[in-house]
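This structure is a prediction, so every number in the text was calculated from the model and none was measured. What's counted below: heavy atoms across the whole structure, side chains too, no hydrogens, waters or symmetry copies.
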Amino acid sequence: MIQLDLQHAHLKEDVKSYQEQVNQIDESLRLKTCKGNDFIGWMTWANDYDKEEFARVKACAKKVREDSDVFVVCGIGGSYLGSRAAIEMINGLYSQKKPEIIFLGNTFSSSYIVQVMDYIKDKDVSVNVISKSGTTTETSIAFRLLKQFMEEKYGSEAKHRIYATTDKARGTLKALADKEGYEQFVIPDDIGGRFSVITPVGLLPIAVAGIDIDEIMRGLHDGMGEYGDADLEKNPAYRYAVARRILQNEGYNVELFVNYEMQMQMVAEWWKQLFGESEGKDGKGILPDSVCNSTDLHSLGQFVQDGKKILFETNLYVDKPMLDMTFPSDDENMDNMNYLAGKSLDWVNKMAAKGTLQAHVDTGNVPNIILTMPDMSAYSFGNMCMFYFKAIAMTTLMNDSNPFNQPGVEVYKKNMFKLLGKE
């Protein structure tokens with residue numbers, strides 16, 4: 001369970017004063033009467049997921065691990081952020097597990113695309129193309145290149161190395177997958193892209209990376225109970241949601257997601273999509289941003305400490321690191337670092353976090369929320385997903401906005417298609 005500490009948040013209102021509003025919104029979520037109620041399948045997914053398909057995901061992952069050097073995940077937004085966040089958080093940034101996971105279809109950058117295509121040309125490759133409609137331009141461009149590459153490399157066997165995660169009944173990718181005979185996995189109708197890491201969208205790449213997806217589902221399931229009570233005394237996800245609204249009422253319109261683990265940087269990117277796309281509408285919402293300390297203390301730290309007071313920080317601490325080591329002693333001590341001899345590197349990291357908190361809160365007068373998770377395991381990832389899902393649903397509905405749509409995303413697409421000459 002994620003622990004919440006609000007004692008450094010400088011809240012000018014009592015969180016418990018919002019209990020009645022929280023009760024009403026929680027009831028609308030449970031009864032499926034809230035705004036966007038067609039997209040709340042994630043709430044009970046840990047119980048309702050297709051067990052047969054889940055078994056196929058694991059079988060497919062086993063096959064890919066046996067016959068591939070590289071697994072290319074072709075998708076954008078929710079079709080790649082969640083799985084990449086999980087893989088990097090759980091396995092670390094320099095995992096020795098095979099196959100290597102590469103992400104494509106998430107950019108128009110010609111340099112990146114060409115470099116990836118060149119990198120994989122002499123390797124055994126499998127591909128997972130992910131798109132609900134099959135018409136997302138970044139993904140479609142990349143997949144045409146990958147499809148032709150796979151067919152030239154493997155001939156008729158290419159179809160046995162390409163896996164499509166898409167709509168169960170309709171869409172361009174669905175039609176193509178049916179025609180070509182690709183094995184298919186379903187994007188549920190009632191779970192939006194930014195919530196989809198807990199579905200085959202995220203679970204297939206995560207499983208290919210050698211991660212126990214049963215543990216992810218177990219953490220998600222336990223989160224249903226741990227973050228399922230409307231009582232603000234018992235539900236840290238809802239308390240966090242209310243605290244965000246209180247801070248915005250105080251004029252803090254930017255939330256800075258802070259972590260102290262390099263392998264959590266993609267978790268921050270996933271969080272930014274989840275929160276930004278959910279509540280950034282109707283002229284409302286808090287702008288989500290992120291830093292990875294202590295690295296970013298040497299860049300953005302100055303602004304946070306002394307700059308304009310427009311932001312609050314939400315720290316995600318990890319009790320137990322994936323790996324640790326003891327700092328060595330040196331007889332000559334020319335670097336004057338022997339004062340740390342015998343200390344663990346994680347202890348140093350935690351002292352940096354503690355010192356930063358004191359500086360930003362006590363001297364900088366920046367409100368800080370503290371979230372603490374036990375470790376960076378598959379179980380904790382699944383549990384964290386439910387925490388943030390429940391929090392963003394509550395905090396957005398408190399703004400009387402729909403947490404589950406993204407109407408603003410379509411504007412740039414219309415302009416782009418016109419410039420590209422698409423009819």
Side-chain angles (χ1 to χ4, degrees), residues 1-47 190-192 194-195 198 220-253 255 257 271 274-288 312-316 367-373 383-405:
M1 185 178 189
I2 290 182
Q3 304 295 321
L4 171 70
D5 179 357
L6 295 175
Q7 63 176 322
H8 305 287
H10 295 172
L11 300 180
K12 295 179 181 178
E13 297 178 78
D14 185 354
V15 169
K16 290 184 289 186
S17 68
Y18 285 80
Q19 185 64 70
E20 184 176 349
Q21 184 184 11
V22 167
N23 287 342
Q24 293 171 353
I25 293 173
D26 179 74
E27 183 178 31
S28 74
L29 281 164
R30 287 186 290 104
L31 297 179
K32 299 184 179 181
T33 58
C34 63
K35 289 186 175 181
N37 57 70
D38 289 342
F39 289 93
I40 55 177
W42 52 269
M43 287 187 62
T44 57
W45 183 252
N47 288 333
D190 58 354
I191 299 180
R194 57 189 175 275
F195 293 80
I198 58 175
L220 186 75
H221 179 272
D222 288 354
M224 287 173 56
E226 292 165 348
Y227 315 122
D229 198 313
D231 188 343
L232 286 168
E233 295 278 5
K234 300 177 181 178
N235 191 333
Y238 282 177
R239 287 202 306 278
Y240 167 53
V242 171
R244 296 180 78 252
R245 290 276 74 83
I246 291 174
L247 287 167
Q248 188 172 33
N249 291 341
E250 295 175 18
Y252 298 102
N253 291 303
E255 179 175 12
F257 179 101
W271 173 86
L274 180 65
F275 276 52
E277 211 168 70
S278 294
E279 71 169 348
K281 58 198 68 165
D282 305 324
K284 305 173 186 177
I286 297 169
L287 174 66
F312 66 94
E313 294 179 281
T314 295
N315 301 271
L316 181 58
N368 268 247
I369 294 171
I370 299 174
L371 303 172
T372 304
M373 60 194 301
N383 191 269
M384 179 189 70
C385 286
M386 184 56 72
F387 177 90
Y388 283 127
F389 290 167
K390 292 298 292 287
I392 194 57
M394 174 57 66
T395 201
T396 305
L397 289 167
M398 289 179 73
N399 257 352
D400 197 30
S401 294
N402 180 349
F404 310 116
N405 66 355

Next item on the list: List the steps, then state whether side chain to side chain contact (heavy atoms under 4.5 Å, CB included) holds for F39 with N405.
Entry: CA-CA 9 Å; F39 289 93; N405 66 355; over 6 Å; no
Check: F195 pairs by ring-ring contact (aromatic ring centres under 6.0 Å, His included) with which of W45, Y388, W42?
Finding: W42
Check: Is the closest side-chain heavy-atom distance between P367 and H8 below 4.5 Å?
Finding: no
Notebook entry, point to check: Are the side chain of E279 and the backbone of I286 linked by a donor-acceptor contact shorter than 3.5 Å?
Noted result: yes
Check: How many angstroms lie between CZ in R239 and CG in L6, if you round to the nearest 0.5 Å?
Finding: 7.0 Å
Margin query: If we ignore hydrogens and angles and just use 3.5 Å, is the side chain of N235 paired with the main-chain N or O of D231 as donor and acceptor?
Written below: no
Next item on the list: Can you see which heavy atom on I392 is nearest to which on S278, and at what distance?
Entry: CG1-CB, 3.5 Å
Next item on the list: May I ask you to decide whether K35 forms a salt bridge with D400, counting only side-chain N to carboxylate O separations under 4.0 Å?
Entry: yes
Note to self: Would you say the rings of Y240 and F387 are close, in the sense that their centroids are separated by under 6.0 Å?
What the structure shows: yes
Next item on the list: Go through the side-chain N and O atoms of N399 and D282 and say whether any donor and acceptor fall under 3.5 Å apart.
Entry: no
Notebook entry, point to check: Any sub-3.5 Å donor-acceptor pair from R245's side-chain atoms to T395's backbone N or O?
Noted result: yes
Margin query: Run E255 and L287 through side chain to side chain contact (heavy atoms under 4.5 Å, CB included) and show every step you take.
Written below: CA-CA 6 Å; E255 179 175 12; L287 174 66; over 6 Å; no
Check: What heavy-atom pair brings F404 and A393 nearest, and what distance separates the two atoms?
Finding: CZ-CB, 4.1 Å
Item checked: Side-chain heavy atoms of T33 within contact of N37, under 4.5 Å -> no
Next item on the list: With rounding to the nearest 0.5 Å, note down the distance linking CD in Q248 to CZ in F312.
Entry: 8.0 Å
Notebook entry, point to check: Which pair of non-hydrogen atoms, one from I40 and one from K32, has the smallest distance, and what is that distance?
Noted result: CD1-CG, 3.4 Å
Next item on the list: May I have all residue pairs that pass salt bridge (charged side-chain N to carboxylate O under 4.0 Å, His left out) and include part of residues 4-20, sequence neighbours excluded?
Entry: K16-E233
Notebook entry, point to check: When rounded to the nearest 0.5 angstrom, what is the spacing between CE in M386 and CE in M224?
Noted result: 6.0 Å
Checklist line | Least distance between heavy atoms, Y18 atom then I246 atom | finding: CE1-CG1, 3.7 Å
Next item on the list: Supply the atom-to-atom distance K390 NZ to C385 SG, rounded to the nearest 0.5 angstrom.
Entry: 14.0 Å
Margin query: Centroid separation under 6.0 Å, is that true for the rings of F257 and F275?
Written below: no
Next item on the list: Examine distances only and state if a side-chain atom of N315 and a backbone atom of I369 form a donor-acceptor pair shorter than 3.5 Å.
Entry: yes
Notebook entry, point to check: Hey, is the main chain of E277 close enough, under 3.5 Å, to the side chain of K281 for a donor-acceptor pair?
Noted result: yes
Margin query: For N23 and Q19, which I'm curious about, is there any donor-acceptor pair between the side chains at under 3.5 Å?
Written below: yes
Check: What are the two closest non-hydrogen atoms of R194 and P403, and how far apart are they?
Finding: NH2-O, 2.7 Å
Check: Which is it for V242 and L232 under the side chain to side chain contact (heavy atoms under 4.5 Å, CB included) test, yes or no, and what are the steps along the way?
Finding: CA-CA 9 Å; V242 171; L232 286 168; 4.1 Å; yes
Notebook entry, point to check: Can you tell me how far the CE atom of M373 sits from the CG atom of L316, to the nearest 0.5 Å?
Noted result: 5.5 Å
Item checked: Derivation of the side chain to side chain contact (heavy atoms under 4.5 Å, CB included) call for I2 and L4 -> CA-CA 7 Å; I2 290 182; L4 171 70; 5.9 Å; no
Checklist line | Pairwise side-chain contact, T372 with I370, heavy-atom cut-off 4.5 Å (strictly under) | finding: yes
Check: Got a second to check how far L220's CG is from M384's CE, nearest 0.5 Å?
Finding: 11.0 Å
Check: What is the minimum heavy-atom distance between A9 and L247, and which atoms define it?
Finding: O-CD2, 3.4 Å
Margin query: Between Y227 and N383, do the side chains contain a donor N or O and an acceptor N or O under 3.5 Å apart?
Written below: yes
